[in-house]
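This one's a predicted model, so the numbers in the text were calculated from it and none came from an experiment. Convention: sequence-line order gives letters A, B, ...; per-chain numbering from 1.
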Amino acid sequence: MKRLFSYIVLPVALVGIFLILHSREVQALEITASLTPQSLQVESYGQLQVMVTGSRKAKIKVPEVDGLTIQNRGTMQSMQIINGDTTISYTANYIVIPEHEGTFTIDPITATAKGETVTAAPIHFEVTAAGSSSPRNKTLTTEDGNADNKLAFLRFIPKKSRIYVGEKVPFQLKAYFKPNARDLTLPILDGDGFIVSPFSKTPQQQQETYNGETYTVLTWNDTFSGVKSGTFPLQFALSSTLLIPRQQQHRDLDPFFDNFFSRSRFQQVPVVLKNESTDITVAPLPLDQQPADFSGAVGQFSLSASADPLKVSPGEPINLKLIITGEGNFDRVQCPEFPDTTNFKIYQANESDDSSQEDKVFERAVVPKTSHANTIPAHSLTYFDPEQEQYVTTTSLPISLTVAAQAETATPPPVKNEPAVKTEIQKQVASMTTVKPRLLDHLAPQKINAGSYSKSIVPIYKKLWFVTVTLLLGLSLVSLLFIALRRNAAQRNPERQLEKQHRLQKQLHLQAIDNARLSADANKIIESCRTALQYQAGLISGVLPSAVTAVSLAQQHSVSQSLIDLLKIAEEYCYGGMLSHYPDATEYAAAVKKELEGMV
Amino acid sequence: MSNIIRLLLALMFISLFWQNGFAAETQDSALLEQANNAYHEGNFSVAASLYEQLITENGYSAALLYNLANTYAQNGETGKAIVSYQRAKLLDPGDPDIQGNLEAVNKKAGLFDEESPFFSKLTNLFTFNQWCIFSLGCFTVFLAASAGTLFLPGWKGLSKTAAPIALILAVISLFPALASYHPYTSGVIVKPETTLLISPHDKAAANGSLREGRLVNLVKEYKNFCYIEDSSGRTGWVNKQAVEAIIPPAL
């Protein structure tokens, strides 16, 4: 027991006392009520927040006001402990919807907690008519007097509607919204023949009065240019969802139902806004006056040049910078040609990283070949000025150089003995002309064997062997199909197959007789004739050929007498060795053949 | 019979690894060695001209095109390097060095291909030629099995199973073959920041620009210009000198 008290109970008690002594709760009850915004319009709403500090829970009573709908939107509790001081609060949120314009006062809101009641100050605010501007808001009034009572619309305001090909023209695109809007997309160009620079994701936003109505306006300032000549319509489209308040009807319902229906107070209406189609005439650049050195740039430009260093020796590179400033289509601006390639060696110009939206900078390395190359000549840029409607050439000033004289010798001095003091640009040019640094060290190494060669790289179906093999396979397929079809036909008609077989057999027998005749062997001749006669007689009588005899055939009437007689002669020869009725075996064979050929 | 079956199966697998046609194999090893030495010394322009000479004299080979591509890549000519890598890949699609270096050059130049769908990845497993050979091999097996059904009664059971499978494979493999045909109609931009024009003349308005090394589809030609379409769907005309077809002219 002693141990329980000393090790557990005592420490817990000490900690609890410590917390109680050092935690001083602010218990005074206070109430504050605020309305945001402090001026409203009909068909809009405000947020009323009532905060009661000093209690976790309170009963708040909001008085009813004629002409206002006040709906509970929920409560929350919070507690803060700062430097040992604890602050607890209970907050209730409401929305306030005015039904008509006028001046309103929400009477003091009361809150009751822990048996104590506190009262907030009354709230005074003004409700103006829908669309009217509150004296506290800054507005801009436009000059257009077109009376059109739309909820949202789009206006396209170009600087001019007659432009030249490639000319960049500024314009304003303004999206007007009366109710709240959300889910806005960036405007999309709906027109052929124009290029528009990308729209900003953060347009200017302001309140503006248009045709006597106040709108929330989003403004994009941008440029467009025409890519081909002609007159084309230019239109933009923008998608959005408008939040349009519904009619107010349920002021006296239970707060639970109020909360339920308050979610549908606003109707979400998806819309696609399009400005009135504006015809823009894009004129072609005049070709008759076009100079040969016209760069393609359209706008107003000026050209300047700078070089560094200005004191060099022949062969040492100079960094030449050409800066083109002005207004216009910088995409079409090319680097001016270097006018003097006789005294200077020039390298490819690159667009510098210093280029911006308002200018374009080109840099190139130039190398004076001799000491006579002491001036970088003036550069010129010819562009088309759409304001003056003519081609204009602007030139930079020439740049004087100090190029040290160098005695010309038949052989160049040995490079190895000279100190290697080079500027950054010289090193860069040196690397361009001799050995380039390894940029890709991690590439797989070179192959040391060339492998097999091919005169062309073509798809395989163009190679002769592939075509040949394919054709052969195709022929094989056709052959197989043919064979299969014939087999099927034969299987469907067996009598025909049998007849064919018999015909073939007969041919074979006749061939055997001929072969025997050629051999001039009487026994062979008679034997082959007998075999043939027996086969044919067996076919006709339906008896096995080996069982056919002249005697058995005589009892049947299906076989012809001539065949029976011939068979009888063969049998007499086979058994008696005597050939009757015919002088020799050849004659006999001829007679047999004639008999067989006459049979169908 | 089992030997015949094994032979036919081997034929199918051989088609997957078929690299070249029946090409003659000649070497000019001295010139090649000279070119390789120039490369290793850093004289890339000399090395490139020697490789090109070898190609002109002997024909295209995967190894030469690969070496030439490395040379262009080291010399900063990304477009030409990619063209040569693509040509080498057509001749030797299974070479990992070619594929690895091509990816390295693309990565260095900031040329990243868009994520391709699963079917594209499947078709790109093999080249057009390999798919064609596979289809031909399957067709051969189909014919052999059909012949076995007709002429060899003992094969009927196996043939009746093998023939339709082989025929289906032969037909199905034509689809990925068609899908992988694109290198034969593609080109590569070989000039830095090539301007894409809306019509085929020098003064036409620009419609964008193309980075060197970008793969494009060559649609048609008109005088000195070529109408192309890039992987993102942009179309336009470029000067013929700025684009090089992957399939080179025959030597």
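In this structure, A:Glu337 places its CD atom where only 12 or fewer heavy-atom neighbours from other residues, nucleotides or ligands lie under 6.0 Å away. Other residues, nucleotides and ligands contribute over 12 non-hydrogen atoms within 6.0 Å of the OH atom of A:Tyr461. Atom CD of A:Gln289 is surrounded by more than 12 heavy atoms from other residues, nucleotides or ligands within 6.0 Å. For A:Lys160, the NZ atom sits in a packed shell: over 12 heavy atoms of surrounding residues, nucleotides or ligands are nearer than 6.0 Å.
Listed here is the closest heavy atom pair of B:Asn129 and A:Val458: ND2-O, 4.0 Å. B:Tyr66 approaches A:Gln446 most closely through the heavy-atom pair CE2-CA, 4.1 Å.
To the nearest 0.5 Å, atoms CG (A:Leu473) and CG (B:Leu143) are separated by 5.5 Å. Note that NZ of A:Lys462 and OH of B:Tyr184 are 10.0 Å apart. Values are rounded to the nearest 0.5 Å. With rounding to the nearest 0.5 angstrom, the CD atom of B:Gln74 is 5.0 Å from the CG atom of A:Leu443.
Using a 4.5 Å cut-off between heavy atoms, A:Gln290 touches chain B through its side chain atoms alone. For B:Ala206, the part sitting under 4.5 Å from any heavy atom of chain A is the backbone (N, CA, C, O) and nothing else. For a residue to count as touching a neighbouring chain, one of its non-hydrogen atoms must lie under 4.5 Å from one of that chain's; by this rule B:Glu103 does not touch chain A. The contact between A:Ile457 and chain B is made by backbone and side chain atoms together, counting heavy-atom distances below 4.5 Å. Using a 4.5 Å cut-off between heavy atoms, A:Val165 makes no contact with chain B at all. Residue B:Ile246: no heavy atom, backbone or side chain, is found under 4.5 Å from chain A.
Using a 4.5 Å heavy-atom cutoff, the side chains of B:Asp97 and A:Lys447 are in contact. Between B:Leu64 and A:Tyr453, the closest side-chain pair of non-hydrogen atoms falls below 4.5 Å. Taking the side chain as every heavy atom from C-beta outward, B:Tyr181 and A:Pro459 approach each other to under 4.5 Å.
With B:Asn101 contributing its side chain and A:Ala444 its backbone, the two residues share a donor-acceptor pair below 3.5 Å. Remark: side-chain polar atoms of B:Ser61 are paired, donor with acceptor, to backbone N or O of A:Ala450 under 3.5 angstrom.
For B:Ala242, the side-chain contact (heavy atoms from CB on, under 4.5 Å) partners at least two apart in sequence or on another chain are B:Lys191, B:Thr194.
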Please tabulate, one pair per line, all N/O donor-acceptor pairs under 3.5 Å involving side-chain atoms of residues 477-487 of chain A, not counting sequence neighbours.
{"from": "A:Ser479", "atom 1": "OG", "to": "A:Leu475", "atom 2": "O", "distance (Å)": "2.8"}
{"from": "A:Arg487", "atom 1": "NH1", "to": "B:Leu150", "atom 2": "O", "distance (Å)": "2.2"}
{"from": "A:Arg487", "atom 1": "NH2", "to": "B:Leu150", "atom 2": "O", "distance (Å)": "3.1"}

